[in-house]
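Let me begin by presenting the structure, written as structure tokens, before commenting on it.
Below, all heavy atoms of this structure are taken into account, side chains as well, without hydrogens, waters or symmetry copies. Small disclaimer: the values here were computed from a predicted structure and weren't measured.
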Amino acid sequence: MTKDDAPLLDINQHDGVLWLTKKNVQDGYGMSLKMLDAMHSALDSAAADPSIRAIIIDAGGRGFHSGAIAATELQPQLENMDRHDFKHLVKIGHAIGSKIAQLPKPVLGIARSGALGGGLEILLRCDFIYCLDSARFSFPEVTLGFVAAWGGTQLSARLLPYRRAQEMLLLGEGINGAEAQDWGLVSRSFSDNEALVAHIESVLERLRLCSPASLKWTKECLSAAWHGSLQTGLEKELEAETETMATGDFLKGLSALREGSNFDFIAGKAVAKKTITKT
């Protein structure tokens, strides 16, 4: 197998958790067109597979690096790119980001080394993002003649305090993992990999106690709050509660509660109460 033929995405499944690890050293760990196609395919399969309860998007090497490589793949002679190419490039990033955000299952993003540019914009679509304090995050687009247009401007303006978003996007400077947690860019940052792995394991255990239907519909409610008006969100809540309760999962949850336990929706039985281990 040649370097160019090496797999771009390592795909593993264990205990209902699908791990997608980006390891495309041949692309400099960038978000190449082939990498994006591989992610699309894996995510489509995961969405349709009832045995998968959660998805983890991870990265080896330099992590989730930029999508600029896709520009060179669309048009090797960059000076020949036109407005059609520019728009096509943006739509490529929007498509994979929307797919991640709309998955009916929880998606965890792991950024041990960090992420920049298009890689960061894609990572931000995950439900949870965990990193190391030493990780580096940035939107360098303004220093390269681009705009963070794979959702970066819109996601940052919503996730971060507005002045922080301006600093990241208008200056193109980087921050570390600890700062990313303080600013609200990531869910949690950890001092070492052992603590990060322990937290991920505790989150995955906690997700066993969450109804898959409840997770799906709660994600839709959160999306409605993000995108729409209060009235739109309330209407989504009405639909969500109706459809979730119709599955009968609430009968299992309440029965376990009365017994002083939790219901493990993956094992299909009541278990001793569990909480997320705090680190």
Check: Ser41 side chain, Asp37 main-chain N or O, donor-acceptor pair, under 3.5 Å = no
query = If you measure only the distance, is there a donor-acceptor pair under 3.5 Å linking the side chains of Ser211 and Asp249?
reply = yes
query = Is Arg158 reaching over with its side chain to a backbone N or O of Gln154, donor-acceptor style, under 3.5 angstrom?
reply = yes
query = Does Lys105 reach the side chain of Lys216, with side-chain heavy atoms less than 4.5 Å apart?
reply = no
inquiry  = Looking at Pro140, is its backbone amide N or carbonyl O close enough to the side chain of Thr143 to form a donor-acceptor pair, meaning the two atoms are under 3.5 Å apart?
reply    = yes
Non-hydrogen side-chain atoms of Val197 and Arg112 separated by less than 4.5 Å = yes
query = When the ring planes of His199 and Tyr130 are compared, do they come out parallel, tilted or perpendicular, using 30° and 60° as the limits?
reply = perpendicular
ask   = Using a distance-only test with no angle check, is there a side-chain donor-acceptor pair under 3.5 angstrom linking Asn262 and Asp264?
value = no
query = Should Phe265 and Leu209 be regarded as members of a common hydrophobic cluster, given that ILVMFWY residues are connected when their side-chain heavy atoms come within less than 4.5 Å of each other, either directly or indirectly?
reply = no
ask   = Can Glu167 and Arg163 be counted as an ion pair, charged N to O under 4.0 angstrom?
value = no
ask   = Do Phe139 and Val142 belong together in a cluster built from hydrophobic side chains that touch within less than 4.5 Å?
value = no
task = For Leu20 and Asp58, run side-chain contact (heavy atoms from CB on, under 4.5 Å): C-alpha distance rounded to whole Å, both residues' side-chain angles, the deciding distance at 0.1 Å, then the answer.
result = CA-CA 6 Å; Leu20 304 177; Asp58 197 357; over 6 Å; no
message = Return the CG to CG distance between Leu124 and Leu155, rounded to the nearest 0.5 Å.
response = 5.5 Å
For Leu18 against Ala46, the heavy-atom pair lying closest together = CD2-CB, 3.6 Å
ask   = If you group Ile, Leu, Val, Met, Phe, Trp and Tyr whenever their side-chain heavy atoms sit less than 4.5 Å apart, what else falls in with Trp217?
value = none
inquiry  = Check whether Ser261 reaches the backbone of Ala272 with its side chain - one donor and one acceptor, N or O, closer than 3.5 Å.
reply    = no
inquiry  = Same cluster or not: Ile57 versus Leu36, using hydrophobic residues (I, L, V, M, F, W, Y) connected whenever any side-chain heavy atoms lie under 4.5 Å apart?
reply    = yes
ask   = When you look at Gln13 and Ser51, which way does the side-chain hydrogen bond (donor to acceptor under 3.5 Å, both in side chains) test go after all the steps?
value = CA-CA 10 Å; Gln13 184 176 344; Ser51 71; 3.3 Å; yes
query = Is there a path of hydrophobic side-chain contacts, each under 4.5 Å between heavy atoms of I, L, V, M, F, W or Y residues, that connects Ile266 with Ile55?
reply = no
task = Could you name each residue pair satisfying salt bridge (charged side-chain N to carboxylate O under 4.0 Å, His left out) that touches residues 124-134, not counting sequence neighbours?
result = Asp127-Lys219
ask   = To the nearest 0.5 Å, what is the distance between OG (Ser189) and CG (Leu196)?
value = 8.0 Å
ask   = Run the side-chain contact (heavy atoms from CB on, under 4.5 Å) check on Leu215 and Leu207 step by step: do they pass?
value = CA-CA 9 Å; Leu215 288 169; Leu207 286 172; 4.2 Å; yes
task = Let me see the working for Glu141 and Val147 under side-chain contact (heavy atoms from CB on, under 4.5 Å), right down to the final yes or no.
result = CA-CA 5 Å; Glu141 282 86 351; Val147 170; 5.6 Å; no
ask   = Could you walk me through whether Asp15 and Arg53 pass the salt bridge (Lys or Arg N to Asp or Glu O under 4.0 Å) check?
value = CA-CA 9 Å; Asp15 190 27; Arg53 62 185 179 92; 3.2 Å; yes
inquiry  = Return the OG to CD distance between Ser156 and Glu121, rounded to the nearest 0.5 Å.
reply    = 7.5 Å
task = Take His88 and Leu74, measure what side-chain contact (heavy atoms from CB on, under 4.5 Å) needs, and give me the verdict at the end.
result = CA-CA 9 Å; His88 183 42; Leu74 284 176; 3.5 Å; yes
message = Under 4.5 Å between side-chain heavy atoms, counting indirect links through other Ile/Leu/Val/Met/Phe/Trp/Tyr residues: same cluster for Ile100 and Leu159 or not?
response = yes
task = Measure the SG-CD1 distance between Cys131 and Ile110 for me, rounded to the nearest 0.5 Å.
result = 11.0 Å
